[in-house]
Protein chains: 2
Amino acid sequence: MRREGLLDAAEELLSDQGSSALTLAAVAERAGCSKGGLLYHFSSKEALIKGMVERLIEEFDELVAAQGHDTYTKNYLAATLAAVRSGRIRRWAVVTGAAGNPYLLAPLREAMARWHREGLDREPDPAAAQIVRLACEGLWDVVSHDPGLYDDSRYAELERRLLDLLSE
Amino acid sequence: MRREGLLDAAEELLSDQGSSALTLAAVAERAGCSKGGLLYHFSSKEALIKGMVERLIEEFDELVAAQGHDTYTKNYLAATLAAVRSGRIRRWAVVTGAAGNPYLLAPLREAMARWHREGLDREPDPAAAQIVRLACEGLWDVVSHDPGLYDDSRYAELERRLLDLLSE
DNA sequence: ACCACTAAACCGTCCAGCCGGTACAGTAAA
DNA sequence: TTTACTGTACCGGCTGGACGGTTTAGTGGT
């Protein structure tokens, strides 16, 4: 699908060169496509960014749902670790792309509200669950800016300690 | 100092209207100043953004140092909560402003690396300290996007639980 | 005389969006 | 089985406007 390739190109551009490098021409060139072709799939730059944001949220929600634990927080933790460990951390890049226009951030705000509220009352210890979710959020941030901080063994220990927090 | 007022105006513009609203003309107007006056203090747009980033980091480091606890992590937690509770959350806005140019983000990356490594080996439980710092990072993020999630009593409980993590 | 600006004109660059094409696949009547 | 038509997917040049930055001429406090 050409559409996916264009979204990939836009994300790569954002994480490699920052949000000011996100121009229609640059995205098209990176995707091996023309500007006209890009505008065929996304009728404006806004539509392109909206597409990135929507894909980001959808994919993460699916990843959470694909985990097999018994609480939302545990699934959220497992999904975060899987995403962050994979090294392909696009959340931050996409957010910087969308930050030009508050309207484009709305779906992300809504998702964030959901991620930090959902199923809290079904948790045995809601306060612990919130801490774990906050730590997940922080992990996205920290790993985006300082990829060298965590390696496999540190991730493993982090996971163990966060799971301890949830089940005690 | 006019300089501070210009930085304030730039931050307000970023958090109110997003990074694409950050133009020299708009910053000058918001600060009640002319474009020439702005360029008198900051010789380019880059210099203005650099100024915002530097002030952000300096002020937060000072806030951490001003807390009176016995470990860096406790000071970091107290500073984060103080900043976040105050409602004037500028970190997110400044970062989106700087995200246009990776070069401008370098000081922030360096600060982030520092904040999540400093004094870890002097902590009684380094893994717990990392979790607390990650949760602080997450708190910045979550509160920026969903200000209604935490109120005074939730902050208080969060603080208590995070301090528990550190001292046991 | 100098500092800290103001006001406004001006320039070059850059970029989003538009528009007139092209290539091709299917389809369906003649 | 040729012709004519339709829709989809894409190309790439163009332009109008916005923006960053410069310059110049001037103002008021100290």
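With sequence neighbours excluded, the residues that form a side chain to side chain donor-acceptor pair (under 3.5 Å) with B/Arg91 are B/Glu137. Remark: A/Asp146 engages B/Arg117 in a side chain to side chain donor-acceptor pair (under 3.5 Å) (not counting sequence neighbours). Residues passing the side chain to side chain donor-acceptor pair (under 3.5 Å) test with B/Asn75: none are found, sequence neighbours excluded. Partners of A/Gln17 according to the side chain to side chain donor-acceptor pair (under 3.5 Å) rule, which considers only residues two or more places apart in sequence or in another chain, do not exist here.
Axis orientation changes by 20° from one end of the helix from C/dA1-D/dT30 to C/dA30-D/dT1 to the other, with each end axis drawn from 5 pairs and the value rounded to 10°.
Among pairs with a residue in residues 37-48 of chain B, none fulfils salt bridge (charged side-chain N to carboxylate O under 4.0 Å, His left out), at least two apart in sequence or across chains. The salt bridge (charged side-chain N to carboxylate O under 4.0 Å, His left out) pairs that include a residue from residues 7-22 of chain A are A/Asp8-A/Arg55, A/Asp8-A/Arg88, A/Glu11-A/Arg55, A/Glu11-A/Arg90, A/Glu12-A/Arg30, A/Asp16-A/Arg30, where partners are two or more places apart or lie in different chains.
In terms of heavy atoms, B/Gln67 sits closest to B/Ala78 at OE1-CB, 3.4 Å. Of all heavy-atom pairs spanning A/Gly18 and B/Pro102, the tightest one is N-CG, 4.1 Å. The nearest pair of heavy atoms linking B/Ala129 to B/Leu166 is CA-CD2, 3.8 Å.
Think of the region where chain B sits on DNA chain C: with heavy atoms and a 4.0 Å cut, that region ends 5' and 3' at C/dA4 to C/dT6.
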### Message
Before you tell me yes or no, could you show the steps for A/Leu105 and A/Val53 under side-chain contact (heavy atoms from CB on, under 4.5 Å), namely the whole-Å CA-CA distance, both residues' side-chain angles and the distance that decides it to 0.1 Å?
### Response
CA-CA 8 Å; A/Leu105 278 174; A/Val53 171; over 6 Å; no

### Audit row: A/Phe42, A/Arg3, side-chain contact (heavy atoms from CB on, under 4.5 Å) steps and yes/no
CA-CA 8 Å; A/Phe42 300 96; A/Arg3 214 185 121 92; 3.4 Å; yes

### Query
Does the pair B/Arg133 and B/Glu123 meet the rule for a salt bridge (Lys or Arg N to Asp or Glu O under 4.0 Å), with working shown?
CA-CA 12 Å; B/Arg133 295 187 199 185; B/Glu123 295 283 343; 3.6 Å; yes

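Put simply, the residue from B/Tyr72, B/Trp140, B/Phe60 that forms a ring pair (Phe, Tyr, Trp, His ring centres under 6.0 Å) with B/Trp115 is B/Phe60.
The stretch residues 9-23 of chain A touches DNA chain C through A/Leu22, A/Thr23, each having a heavy atom within less than 4.0 Å of the strand. Only at 4.0 angstrom or more do the heavy atoms of residues 94-105 of chain A sit from any atom of DNA chain D, so none qualifies.
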Polar atom pairs between nucleotides 28-30 of chain D and protein, under 3.5 Å, N or O only, would you list them?
none

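For the residue pair A/Arg122/A/Thr71, the side-chain donor-acceptor check at 3.5 Å is not satisfied.
The number of heavy atoms from other shown groups lying within 6.0 Å of CZ (A/Arg154) does not exceed 12.
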### Task
Summarise protein proximity over nucleotides 9-16 of chain D in one line of letters, 5' to 3': B for base, S for sugar-phosphate only, - for none, counting protein heavy atoms closer than 4.0 Å.
BBBB-B--

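Note on A/Arg85 versus A/Glu159: salt bridge recorded, some NZ/NE/NH1/NH2 to OD/OE distance being below 4.0 Å.
Atom NZ of B/Lys45 and atom P of D/dA18 are 15 Å apart (whole Å).
Using bins of under 30°, 30° to 60° and over 60° for the plane-to-plane angle, the ring pair B/Tyr150/B/Tyr155 lands in the parallel bin.
Counting non-hydrogen atoms under 4.0 angstrom, A/Ser43 reaches nothing in the nucleic acid.
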